[in-house]
2 protein chains.
Amino acid sequence: MTTVLVVDDEAALLHALVINLRARDFKVEAAATGRAALEKVARVRPDIVILDLGLPDMDGIEVLAGIRGWSDIPVLVLSARSTSEEKVRALENGADDYITKPFDMAELVARVRAATRRSAMRTAGITDPIVTTEAFVIDRSAATVTRDGKVVRLTPTEWHILDVLAANRGKLVSQQQLLTQVWGPGFERQGNYLRVHMAALRRKLEPEASRPQYLITEPGLGYRLV
Amino acid sequence: MTTVLVVDDEAALLHALVINLRARDFKVEAAATGRAALEKVARVRPDIVILDLGLPDMDGIEVLAGIRGWSDIPVLVLSARSTSEEKVRALENGADDYITKPFDMAELVARVRAATRRSAMRTAGITDPIVTTEAFVIDRSAATVTRDGKVVRLTPTEWHILDVLAANRGKLVSQQQLLTQVWGPGFERQGNYLRVHMAALRRKLEPEASRPQYLITEPGLGYRLV
DNA sequence: ACGAGTCTTAACGGCTTCTATACGAGCCGT
DNA sequence: ACGGCTCGTATAGAAGCCGTTAAGACTCGT
């Protein structure tokens, strides 16, 4: 779940923000001073910060700079000042958005979503989705299977099937699910396709194709990768 | 240099934007209709789009959706409407920012900078600008390939393909992905383009063009650079 | 307006892969 | 023990995909 850190010293506004964001399925942390904000950013590691510039203990831009000194998380600035100088100053100092008070709650939430969506894209591709068993390794992003250090050549449909199974490793995947995912809708009756290609997969991946240890069939239901 | 595509049908406003952005060291392209905008996004590949929602030929949100269908570039929406419904609609549909007219030019430029800054972070940290294989070296920032110490001359399309593959080195890049990234949306069916240009690439880069070692084809799925 | 370089388009052959079918093995409840 | 059902295996022909080539269309600079 997305964690939002809200920084504001007005209790009423802070409360309103917390309530509204919680209602929209965000996990919310709150801070009322610049010092507390910096501390919480470091400790909680939120996915986004909503920062009111009018804080009692330090200048809002300083807080922003303090965050930007070591982190790239999106910061959405909130302020009563609407002059373009103020906006430009915040944006040039690393803010991702600038909203003037009073603001509309729906818009603010939409802007929070937009900012997190973009920053999530960045971290998305980093972790390679690799599924391992004792006998072989499936690299879903590279579309390769390695067994005993050697890449196993799979045909397109074999790969598709294995990919679906790997995506639900351990879980049971029904035949219908597999058929529609791999062949598209309308092939739900072609259970024999599955049998043929599962056999090919086992021949290539299982140590003993006749006694499957990893590509398990769940009679009457479907298949499972363990 | 950062390239920005400005989409607006009011000649005066369009001109003002172009002038101001050029003065701030942006490379600027312009479009006056939704259709022209979509075409230019695919051809020019700007780093950011400034999109006025009030276009004569199609709904601004449609244009936005048309871009988002295949590309992640930042889109900054411009509109005369200031209701929160409109803002939310644009932001939920993939807009990165929403500015209401009339707007301050300095603020707009600051917001453009903020959006490009964030999107640049994404491509910077992840992909190494230089990709090396045993046979040749790809310098993505200089757009050159070196083989045996000599620069290999590539045609624009060849380079574009190689660039996409290099950005995902080791990973499988599907044919559709390659086609939309290189030719733009609507070319997903032209698999033969890929065949022809991949052949040319291999002739120039592979030691043995008939037995590819680096530009690997994964039948039925796509290509991979190793 | 011309020419060099580039992209599109279409066709073909070779090879791999999928489909479709048939048959045997195993499991289950009666 | 037996019939019914599902699953695994084998195989031959059909279909699909890829690499290659070459010719026409196009773009650009001269």
Side-chain angles (χ1 to χ4, degrees), chain A residues 143 145 151-163 165 172-176 178-184 186-225, chain B residues 39 42-44 143 145 151-165 172-176 178-184 186-224:
Chain A
V145 191
V151 171
V152 182
R153 273 187 54 91
L154 294 187
T155 72
T157 25
E158 283 162 19
W159 168 254
H160 259 112
I161 293 174
L162 188 65
D163 190 44
L165 288 174
L172 174 90
V173 186
S174 77
Q175 299 201 18
Q176 301 199 352
L178 272 169
L179 285 164
T180 48
Q181 296 260 347
V182 176
W183 278 271
F187 285 76
E188 292 82 2
R189 297 285 152 87
Q190 309 292 313
N192 44 333
Y193 289 10
L194 272 181
R195 291 206 289 280
V196 169
H197 290 286
M198 286 298 300
L201 265 177
R202 296 208 248 244
R203 228 174 290 132
K204 293 182 179 177
L205 297 180
E206 291 277 359
E208 279 185 283
S210 53
R211 251 184 301 283
Q213 295 180 260
Y214 306 101
L215 298 160
I216 308 294
T217 143
E218 215 67 65
L221 302 172
Y223 294 86
R224 180 205 314 272
L225 173 71
Chain B
E39 189 270 331
R43 192 161 48 79
V44 178
V145 193
V151 172
V152 182
R153 271 186 53 90
L154 294 186
T155 71
T157 334
E158 285 160 17
W159 168 254
H160 216 129
I161 293 174
L162 188 65
D163 189 44
V164 175
L165 289 174
L172 178 100
V173 186
S174 77
Q175 301 200 19
Q176 300 198 353
L178 271 170
L179 286 164
T180 49
Q181 295 282 323
V182 176
W183 277 271
F187 286 77
E188 292 82 1
R189 297 285 152 88
Q190 307 293 311
N192 44 332
Y193 288 15
L194 277 179
R195 291 207 291 278
V196 169
H197 290 285
M198 286 299 300
L201 265 177
R202 294 207 248 244
R203 231 173 288 132
K204 293 183 180 178
L205 297 180
E206 291 276 0
E208 278 185 283
S210 53
R211 249 185 300 283
Q213 294 180 259
Y214 306 101
L215 298 161
I216 308 293
T217 147
E218 210 68 62
L221 301 174
Y223 293 86
R224 176 207 340 252

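The model shown is predicted, which means the values in this text are computed figures rather than measured ones. Only this structure's heavy atoms are used, side chains among them; waters, hydrogens and symmetry mates stay out. Chain naming here is simple, since letters A, B, ... match the order of the sequence lines and numbering starts at 1 in each.
Taking CG of Leu165(B) as the reference point, atom CG of Leu178(B) lies at 5.0 Å (rounded to 0.5 Å).
Shown for residues 199-221 of chain A: no residue has heavy atoms falling under 4.0 angstrom of DNA chain C. Near DNA chain D, defined here as any heavy-atom distance below 4.0 Å, the residues from residues 187-196 of chain B are Arg195(B), Val196(B), listed numerically.
The ring-ring contact (aromatic ring centres under 6.0 Å, His included) search around His197(B) returns Trp183(B), not counting sequence neighbours. Partners of Val196(A) by side-chain contact (heavy atoms from CB on, under 4.5 Å), not counting sequence neighbours: none found. Residues passing the side-chain hydrogen bond (donor to acceptor under 3.5 Å, both in side chains) test with Arg224(A) are Glu218(A), sequence neighbours excluded. Among residues two or more places apart in sequence or in another chain, the side-chain hydrogen bond (donor to acceptor under 3.5 Å, both in side chains) test is passed with Arg189(B) by none. In this structure, the salt bridge (charged side-chain N to carboxylate O under 4.0 Å, His left out) partners of Glu39(B), at least two apart in sequence or on a different chain, are Arg43(B). Residues satisfying the side-chain hydrogen bond (donor to acceptor under 3.5 Å, both in side chains) test with Thr155(A), not counting sequence neighbours, are Glu158(A). Every residue two or more places apart in sequence or in another chain was checked for a side-chain hydrogen bond (donor to acceptor under 3.5 Å, both in side chains) with Arg195(B), and none qualifies. Remark: Ala199(A) engages Arg203(A) in a side-chain contact (heavy atoms from CB on, under 4.5 Å) (not counting sequence neighbours).
Looking at heavy-atom distances under 4.0 Å, Trp159(A) makes no contact with the nucleic acid at all.
Pairs passing the ring-ring contact (aromatic ring centres under 6.0 Å, His included) check and including a residue from residues 201-223 of chain B, sequence neighbours excluded, read Phe136(B)-Tyr214(B).
In this structure, CZ of Arg43(B) is placed 15 Å from P of dC7(C), rounded to the nearest angstrom. If you take NE2 of His160(B) and P of dT8(C), they are 12 Å apart, rounded to a whole angstrom.
Put simply, chain B comes within 4.0 Å of DNA chain D, heavy atom to any atom, from dC17(D) to dT21(D), going 5' to 3'.
Between Trp183(B) and Glu158(A), the one whose closest nucleotide on DNA chain C sits nearer the 5' end is Trp183(B).
In this model, the phosphate group of dT17(C) is not approached by any side-chain N or O of His197(A) to a distance below 4.0 Å at OP1 or OP2. Residue Thr155(B) places at least one side-chain N or O closer than 4.0 Å to OP1 or OP2 of dC7(C).
Surrounding CD of Gln176(B) are at most 12 heavy atoms belonging to other residues, nucleotides or ligands under 6.0 Å away.
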